[in-house]
There are 2 protein chains.
Amino acid sequence: MGWGAFIMIGKINHIAIVVPDIERSARKYHDVLGAKISSPIKLAEHGVRVIFVDLENSKIELMEPLGTDSPIAKFLQKNPLGGMHHICFEVKNIKEVILHLQKEGAGIIGDGEPKIGAHGLPVIFLYPKDFDGVLIELEEVRD
Amino acid sequence: MGWGAFIMIGKINHIAIVVPDIERSARKYHDVLGAKISSPIKLAEHGVRVIFVDLENSKIELMEPLGTDSPIAKFLQKNPLGGMHHICFEVKNIKEVILHLQKEGAGIIGDGEPKIGAHGLPVIFLYPKDFDGVLIELEEVRD
């Protein structure tokens, strides 16, 4: 793996914020903070609706639960105003990353296999207890 | 102000994560995630010690309380593992930004005047209740 000089995580792909109402939140980012926002996107297979706030160097993903089985419904029950949900870092080769994580004893949520994430790319999530209470997503992004 | 075509917030300058022990957390970002980390920096006047995780497009600021009056001591009591504390966006002219925020009825924490932040630049903080439970810092960065 050439570990040492090798930098594993690249860019911050996005910061995900769970909110009760993506349109209302996006309007604030647009009107109050003067940010560029996307149209709403429905991701039925992930149980969320999202709007992106496009910033110069990265983006914020505003997420709202879709359907009763939404994986973020509980988060919103615990945090009715909303809150920061996860940070997503880009990696180049998720299979190599997983091997390294296993070697370091870092836990991967689920069965350790990458899933297809909300952007159609392979992703894994790491346990918040291993990273200061912060949920980290790693997404494979090829050049 | 030329509002409309004008984009107010630019880059995500950093995401701040409060942790009990910055050295231990930084070691994980380095060893497990292969990220570049800075040396620890003591910011006595802000009641914190910090280590930066330098990513390709932005950075993470790991913060640990310094002294009994640290403004982040309470956050850590409520979140003993740590957690995401705020997002900092860059702006060009903080005085114009403040005028716009006042016009939009957005609250600024404190007396509405910019303070000198941890990086020696003028900053303001916005109320989390206005932004989905997320604490937002705006930092003036000149080209």
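The sequence lines fix the lettering, A, B, ..., with proteins before strands; numbering per chain opens at 1. FYI, side chains are in, hydrogens and waters are out, and symmetry mates aren't considered; it's all heavy atoms of this structure. Not measured: the values here are computed from a predicted model.
In this structure, the side chains of I87(A) and M84(B) come closer than 4.5 Å at one or more pairs of heavy atoms.
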Check against side chain to side chain contact (heavy atoms under 4.5 Å, CB included), K11(B) and L55(A): CA-CA 6 Å; K11(B) 292 182 185 168; L55(A) 300 156; over 6 Å; no
Derivation of the side chain to side chain contact (heavy atoms under 4.5 Å, CB included) call for N79(A) and D132(B): CA-CA 9 Å; N79(A) 308 276; D132(B) 318 306; over 6 Å; no
Go through I60(A) and F89(B) one step at a time and tell me if the side chain to side chain contact (heavy atoms under 4.5 Å, CB included) criterion holds. CA-CA 11 Å; I60(A) 286 177; F89(B) 299 114; 3.3 Å; yes
For the pair V19(B) and F131(A), evaluate side chain to side chain contact (heavy atoms under 4.5 Å, CB included) and give the outcome as yes or no after the intermediate values. CA-CA 9 Å; V19(B) 305; F131(A) 286 95; over 6 Å; no
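Around NZ of K95(B), the count of heavy atoms belonging to other residues, nucleotides or ligands within 6.0 Å does not exceed 12. Atom NZ of K115(B) is surrounded by more than 12 heavy atoms from other residues, nucleotides or ligands within 6.0 Å.
A donor-acceptor contact shorter than 3.5 Å is absent between the side chain of H100(A) and the backbone of L33(B). Using modelled atom types, one side-chain atom of K28(B) and one backbone atom of D130(A) make a donor-acceptor pair closer than 3.5 Å. In this structure, N57(A) contributes its side chain and N57(B) its backbone to a donor-acceptor pair below 3.5 Å.
Ranked by heavy-atom pairs shorter than 4.5 Å toward chain B, the options L81(A), L135(A), L138(A) are led by L81(A). Per-residue heavy-atom pair counts under 4.5 Å with chain A were compared for P20(B), S25(B), G105(B), and the maximum is reached by S25(B). Ranked by heavy-atom pairs under 4.5 Å with chain A, the first of L62(B), L101(B), V134(B) is V134(B).
When the side chains of ILVMFWY residues are joined at heavy-atom separations under 4.5 Å, either directly or via intervening members, F52(A) and I9(B) end up in two distinct hydrophobic clusters. Note: the hydrophobic cluster containing Y29(A) also contains V97(B) (ILVMFWY, side chain heavy atoms under 4.5 Å, direct or indirect links). The hydrophobic cluster containing V123(A) does not contain V50(A), counting ILVMFWY residues as joined when their side-chain heavy atoms lie under 4.5 angstrom apart, directly or transitively. Following chains of ILVMFWY side-chain contacts shorter than 4.5 Å, one can reach V18(A) starting from L43(A), so the two form part of one hydrophobic cluster. Taken together through direct or relayed side-chain contacts under 4.5 Å among Ile, Leu, Val, Met, Phe, Trp and Tyr, I124(B) and I72(B) form parts of separate hydrophobic clusters.
Heavy-atom distances place both the backbone and the side chain of I12(A) under 4.5 Å from chain B.
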